[in-house]
2 protein chains.
Amino acid sequence: MQDALIRKLESFEELTDADREALRAFVPRLRQVPARTDLIREGDVPGNVHLILDGYACRYKVLPDGQRQIMAYFVPGDFCDLNVFILDQMDHNIGTISQCQVVEIPRQAIDHMTGHHPLVTRALWWCALVDEAVLREWLVNIGSRSPDQRIAHLFCELLLRLEVVGRVQDNSYPFPFTQIDLADSMGLSGVHVSRTLRELRRLELITLHHRVLTILDVERLKAYCGFNPNYLHLRNARWSGRRQVPWLSSVQGG
Amino acid sequence: MQDALIRKLESFEELTDADREALRAFVPRLRQVPARTDLIREGDVPGNVHLILDGYACRYKVLPDGQRQIMAYFVPGDFCDLNVFILDQMDHNIGTISQCQVVEIPRQAIDHMTGHHPLVTRALWWCALVDEAVLREWLVNIGSRSPDQRIAHLFCELLLRLEVVGRVQDNSYPFPFTQIDLADSMGLSGVHVSRTLRELRRLELITLHHRVLTILDVERLKAYCGFNPNYLHLRNARWSGRRQVPWLSSVQGG
DNA sequence: CGACTTATTGATGCACTTCAAGCGACGTGG
DNA sequence: CCACGTCGCTTGAAGTGCATCAATAAGTCG
């Protein structure tokens, strides 16, 4: 079940058997978390690192007026808070969307990993930077795209991210988000999300039944929202430019 | 003139004389860059790290339809691309707003720094994480706040960030942004930014003359937009919770 | 099956965009 | 020195996209 993480990391970096073994050592800490449950809250002092092995979660803030803003979705293989522990306290919440399998990794374990598994370390860095790139793209999404493009863009992004961890079949993937979740992610009202989805269905770009999203025509959906996958820094686009990473070589004692 | 960086880092971490000396070694690479000039473009392979010593810059993307989205502002003491070099290619642009003094730091220099100056390294980490936290808050800003609150929030944020590097006097700071810059940051039209600023002036919250912004009543402005500075992780709020940072201790060979 | 949550649809209103014209500041060149 | 062009800002008028309110319908879970 730690497949998701290993698959994701290996999509960036070929790991050794020892690396994979070390990653599997995380598993004993596995926890079932119900849907709609907070993993960490604003104000908490960051403790263990959380890794999603199965299910969906999100990062969000709640404003004084009760308005919720979702800032990121986590899918299997994603770390929720890989780096936050350097800061004094959480400035946002992390909560599950669906039921999740979550691994709580003690910081020392990460520490050990970065000390002994340079390939994994490099891959973890890559994860963190891609997460930030995704965040930037969300800002572009909300700031510059029309509501229908926003939602289409999210669908495309999730498709690619879930493909990496093997959660897509026939352009379909589990979709446990409510329309209110989408609304709070995209800066829209729930009503308008409903109408927007209707439009995407009418254009025969997607279907959405029983919490499963199907993308009927991936290329048309990408074209519809001007999707450019470069910000995900996936393997294919990246492979040619492989280079040494100085900050990391020093981690390896170089 | 490298004051800005050292001040910023020291607001987090007391440095040794040797640390400061090492930071000053960056200066020879200083460059004058005119206003409205790109430092890096989308598609470029990340090379040197850019540090702003004076002036303002921004991170932005341009969509196929020509729409520009600004995703971050850089002020003196900010790194533009501290970590991006791990990725294969830039997925966005970085350009100056005003004339800037920019230092181009070779990656080896950063590498050397992280190998020999653990305090600096920890402070650099902190910078990177705060930058990400700021990005998250921008998402909240665009997604959940009204236009007047958005702009007020930006003013509050810049006030605090500039105070750290000593660029604020009597609640005033240089403000070289055009209203179009603001519009492209906040997901608004230029016209509406103009009207919003008029409103903030009418409420006697700010004045804006000759590219200098003055906040007339900081507390009222903060209240107006519900400003919570926790996401900036400034020293005062952070001081109590100082802890060791595992990932970094391994960088130090621990 | 019945209770509750989530989604849909319609009607209404307004916040924001777009278009367009005028204005002031600034810089350049005659 | 003034004429002129450019750029950034302001203001008005008109249109619309999205929010809000409200009521119904469809899922979903006990």
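Reminder, nothing fancy here: chain letters follow the sequence lines and each chain counts from 1. Just so you know, these numbers use all the heavy atoms, side chains as well, and skip hydrogens, waters and symmetry mates. These figures come from a predicted structure and were not determined experimentally.
In the helix from C/dC1-D/dG30 to C/dG30-D/dC1, the rotation axis of the first five pairs and that of the last five pairs differ in direction by 40°, rounded to 10 degrees.
Annotation: side-chain hydrogen bond (donor to acceptor under 3.5 Å, both in side chains) contacts of A/Lys222 (sequence neighbours excluded): none. Remark: B/Thr96 engages no residue in a side-chain hydrogen bond (donor to acceptor under 3.5 Å, both in side chains) (not counting sequence neighbours). Scanning for salt bridge (Lys or Arg N to Asp or Glu O under 4.0 Å) contacts around A/Arg68 gives A/Asp181, A/Asp184, with sequence neighbours left out. For the salt bridge (Lys or Arg N to Asp or Glu O under 4.0 Å) test, residues two or more places apart in sequence or in another chain that qualify with B/Arg220 are B/Asp217. A/Thr196 pairs by the side chain to side chain contact (heavy atoms under 4.5 Å, CB included) definition with A/Pro147, A/Asp148, A/Ile151, A/His192, not counting sequence neighbours. Partners of A/Glu163 under the salt bridge (Lys or Arg N to Asp or Glu O under 4.0 Å) rule, at least two apart in sequence or in another chain, do not exist in this structure.
Residues A/Tyr56 and A/Phe177 bring their aromatic ring centres within 6.0 Å.
For the segment residues 179-191 of chain B, residues with any heavy atom less than 4.0 angstrom from an atom of DNA chain C are, sorted by number, B/Gly187, B/Leu188, B/Ser189, B/Val191. A heavy atom closer than 4.0 Å to some atom of DNA chain C occurs in A/Arg198, A/Arg201, A/Arg211, these being the qualifying members of residues 197-211 of chain A.
Checked by atom type and distance alone, the side chain of B/Arg145 never pairs as donor or acceptor with a backbone atom of B/Arg150 at under 3.5 Å. Using a distance-only test at 3.5 Å, with no hydrogens or angles considered, no donor-acceptor pair links the side chain of A/Ser11 to the main chain of A/Leu9. Formation of a donor-acceptor pair under 3.5 Å by the A/Asn228 side chain with backbone atoms of A/Asn230 is found in this model.
Salt-bridge formation is detected for the pair A/Arg167/A/Asp54: a Lys NZ or Arg NE/NH1/NH2 atom is positioned less than 4.0 Å from an Asp or Glu carboxylate oxygen. Salt-bridge annotation for A/Asp81 and A/Arg59: absent, with no side-chain N of the basic residue lying under 4.0 Å from a carboxylate O of the acidic one.
Between B/Phe175 and B/Tyr173, the two ring planes are tilted [angle within 30° to 60°].
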Could you list the donor-acceptor pairs under 3.5 angstrom formed between side-chain atoms of residues 27-34 of chain A and any protein atom two or more places apart in sequence or on another chain?
unit_1: A/Arg31; atom_1: NH1; unit_2: A/Glu104; atom_2: OE2; d: 2.1

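Heavy-atom contacts of chain B under 4.0 Å fall on DNA chain C between two terminal nucleotides, which in 5' to 3' order are C/dC16 to C/dC19. Protein chain B contacts DNA chain D from D/dG8 to D/dA13, reading 5' to 3' and using non-hydrogen atoms of the protein with a distance under 4.0 Å.
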